[in-house]
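Here's the structure we're looking at; comments come further down.
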Amino acid sequence: MAMTENDFIPSSYAELKVSGNTTWKSPSNIALVKYWGKKENQIPANPSVSLTLDVCATTTSISYTKLNEKATDFSFELFFEGTAKEDFKPKIHTFFRRIEKYLPFLKNYHLVIETSNSFPHSSGIASSASGMGALALCLMDIEKRLNPEITKDCFNRKASFLARLGSGSAARSINGSIVQWGKHADIPESSDLYGIEYPYKIHSVFEDYQDTILLVDKGQKQVSSTVGHDLMHNHPFANQRFAQAHTNLTELKSIFEKGNLEEFVKIVENEALTLHAMMMTSQPYFILMKPNTLEIINKIWAFRKTSNTHVCFTLDAGANVHVLYPKKEKEAVYGFIKTELLKHCENGQHICDRLGVGAKKC
Ligand code: DP6
């Protein structure tokens with residue numbers, strides 16, 4: 001039977017541990033089928049699927065100390081890359097409020113949270129997925145010490161469930177190389193509440209798939225994800241878009257299985273451009289691509305035609321470009337990136353990432 005939110009409320013703990021600490025490293029992920037639009041309580045308007053990254057990650061530690069009595073509000077300190085960060089606290093506070101029901105021990109502890117990213121904060125690379133993923137895993141680790149019998153599957157599922165309440169895409173930053181989040185008719189075990197490792201066959205061509213992230217514009221996001229998702233309410237094309245995500249996921253099943261890269265490229269680029277098309281056709285409307293984003297896209301298309309490779313691009317809600325290609329095409333494609341694409345990046349900056357396996361305890 002499908003799980004419901006209530007299944008994540010724990011029964012009482014045997015005994016609260018006095019103090020301890022835990023550290024987790026959680027990866028970033030890049031969506032192939034995009035999550036864009038949500039309902040109440042961080043329920044996605046459509047299912048999505050992503051590649052887990054390897055290099056881009058957040059490492060978070062929590063030191064916890066039991067309070068003499070349960071506090072009336074959450075008691076925590078927050079350090080980002082060694083410095084106290086007051087301006088990040090409201091987001092964490094909101095997150096704690098959303099998850100308190102599922103982690104009733106939270107107000108019994110004082111928490112010192114220390115977090116750092118493997119990528120520059122100002123790179124325009126979203127850190128909410130890896131950040132909320134790592135935080136959720138640390139909190140689950142504390143719960144595990146109070147309830148040691150929890151299985152690995154339940155642990156991961158609840159970590160993803162909690163991470164989702166922090167940031168939707170974080171549900172996909174817990175476990176697995178290819179992760180599906182959101183209910184889809186072809187995948188009975190899929191859920192709107194948490195991400196799952198993609199359950200069907202994946203062709204070996206996707207092993208060690210490369211993602212070279214081109215930093216076109218390192219400025220702060222022009223549209224926050226909250227505003228972005230809201231734009232899908234009353235959007236004239238919303239229903240067609242949500243239906244399209246379901247169709248694209250159906251098609252991906254045999255593409256993943258057969259390793260059909262010609263078809264893979266079509267779905268991935270279609271999803272990226274649709275995401276931006278949704279932003280261009282909402283009220284208010286936005287153009288998040290920069291001239292250099294378009295230069296890069298056109299060069300990728302021209303190179304793909306003449307090179308016999310399967311390089312393609314995807315985009316997040318910003319101007320940076322993720323260049324995706326199989327490992328066996330790395331020499332050709334990375335050579336092309338260096339000579340043709342890096343000139344369109346801010347100071348030539350880019351990150352060479354690849355498919356990863358999911359979060360790790362440190
Ligand atoms: C364009 O996960 O950042 O990256 O749930 O409001 O935190 P919130 O949104 P967020 O949205 C990510 C949107 C996206 C596409 C995707 O990752 O699927």
Side-chain angles (χ1 to χ4, degrees), residues 26-53 56 58 88 90-92 94-95 98-99 117 119 123-136 160-174 178-182 184 190 192-195 198 211 213 217 220-233 235 238 241-242 244-246 248-249 252 267-280 282 286-289 293 313-322 324 353:
S26 191
S28 200
N29 69 73
I30 178 70
L32 302 174
V33 172
K34 307 289 179 182
Y35 150 56
W36 197 243
K38 61 179 162 185
K39 307 176 203 165
E40 285 274 299
N41 298 326
Q42 296 283 102
I43 296 301
N46 64 262
S48 57
V49 72
S50 56
L51 302 180
T52 299
L53 298 183
C56 291
T58 299
F88 285 10
K91 200 166 178 197
I92 306 292
T94 306
F95 177 54
R98 287 189 195 159
I99 65 172
N117 290 338
F119 47 89
S123 60
I125 297 192
S127 57
S128 67
S130 54
M132 288 298 172
L135 185 55
S160 174
F161 172 87
L162 296 174
R164 183 196 102 243
L165 293 171
S167 180
S169 53
R172 302 186 309 240
S173 273
I174 304 296
I178 299 187
V179 180
Q180 150 108 22
W181 165 47
H184 189 279
S190 62
D192 284 345
L193 299 180
Y194 48 83
Y198 192 75
D211 178 6
I213 308 167
D217 180 37
Q220 279 297 311
K221 276 198 190 174
Q222 216 187 103
V223 181
S224 75
S225 54
T226 315
V227 171
H229 290 290
D230 265 359
L231 295 174
M232 290 306 279
H233 291 124
H235 190 295
R241 158 59 198 152
F242 301 146
Q244 175 196 40
H246 285 265
N248 280 343
L249 273 162
L252 271 177
I267 302 255
V268 169
E269 293 186 346
N270 169 246
E271 279 286 326
L273 293 178
T274 301
L275 170 70
H276 283 255
M278 289 300 112
M279 289 184 245
M280 289 196 268
S282 57
F286 298 93
I287 300 181
L288 301 186
M289 289 185 276
T293 313
F313 70 87
T314 190
L315 307 165
D316 265 343
N320 294 334
V321 183
H322 289 248
L324 304 179
D353 214 330

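Everything quoted here is computed from the prediction, not taken from an experiment. Counting starts at 1 for both ligands and their atoms, following the listed order.
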For Gly168, the ligand 1 atoms whose distance to one of its heavy atoms is below 4.0 Å: 2 (O), 5 (O), 7 (O), 8 (P)
Crowding at CD1, Ile287 (>12 non-hydrogen neighbours, <6.0 Å): no
Separation of Asn46 CG from Trp181 CH2 (nearest 0.5 Å): 9.0 Å
Residues Thr52 and Asn29: side-chain donor-acceptor under 3.5 angstrom: no
Atom 2 (O) of ligand 1: the protein heavy-atom neighbour that sits closest, reported with distance to 0.1 Å: Ser169 OG, 2.6 Å
Identity and distance of the protein heavy atom lying nearest atom 9 (O) of ligand 1: His229 NE2, 2.9 Å
Contact check, Met132 vs ligand 1, heavy-atom distance below 4.0 Å: no
Atom 13 (C) of ligand 1 [closest protein heavy-atom partner, distance rounded to 0.1 Å]: Tyr35 O, 3.4 Å
Per-atom contacts, ligand 1 versus Trp36 - under 4.0 Å to a heavy atom: 1 (C), 13 (C)
Distance-minimising heavy-atom pair for Ala163 and Ala136: N-CB, 3.7 Å
Any Ser128 heavy atom less than 4.0 Å from ligand 1: yes
Expected output: side-chain His322 to main-chain Ile30 donor-acceptor under 3.5 Å: no
Heavy-atom closest pair, residues Ser28 and Ser130: N-CB, 3.8 Å
Heavy atom of Arg172, distance to ligand 1 below 4.0 Å: yes
Plane angle bin for His246 and His184 - parallel if under 30°, tilted between 30 and 60°, otherwise perpendicular: parallel
Ligand-side contact atoms (ligand 1) for residue partner Ala31, heavy atom cut-off under 4.0 Å: 16 (C), 17 (O), 18 (O)
Exam field: side chain Arg164 to backbone Gln42, donor-acceptor pair closer than 3.5 Å: yes
Donor-acceptor pair, side chain of Arg172 and main chain of Ser50, under 3.5 angstrom: no
Top protein contact for atom 7 (O) of ligand 1, by heavy-atom distance: Ser167 OG, 2.6 Å
Ligand 1 to Ser48 polar contact by distance, N or O atoms, under 3.5 Å: no
Numbered atoms and elements of ligand 1 in range of Lys38, under 4.0 angstrom, heavy atoms: 5 (O), 6 (O), 8 (P)
Taking atom 4 (O) of ligand 1 as the reference point, the nearest protein heavy atom with its distance: Asp316 OD1, 3.4 Å
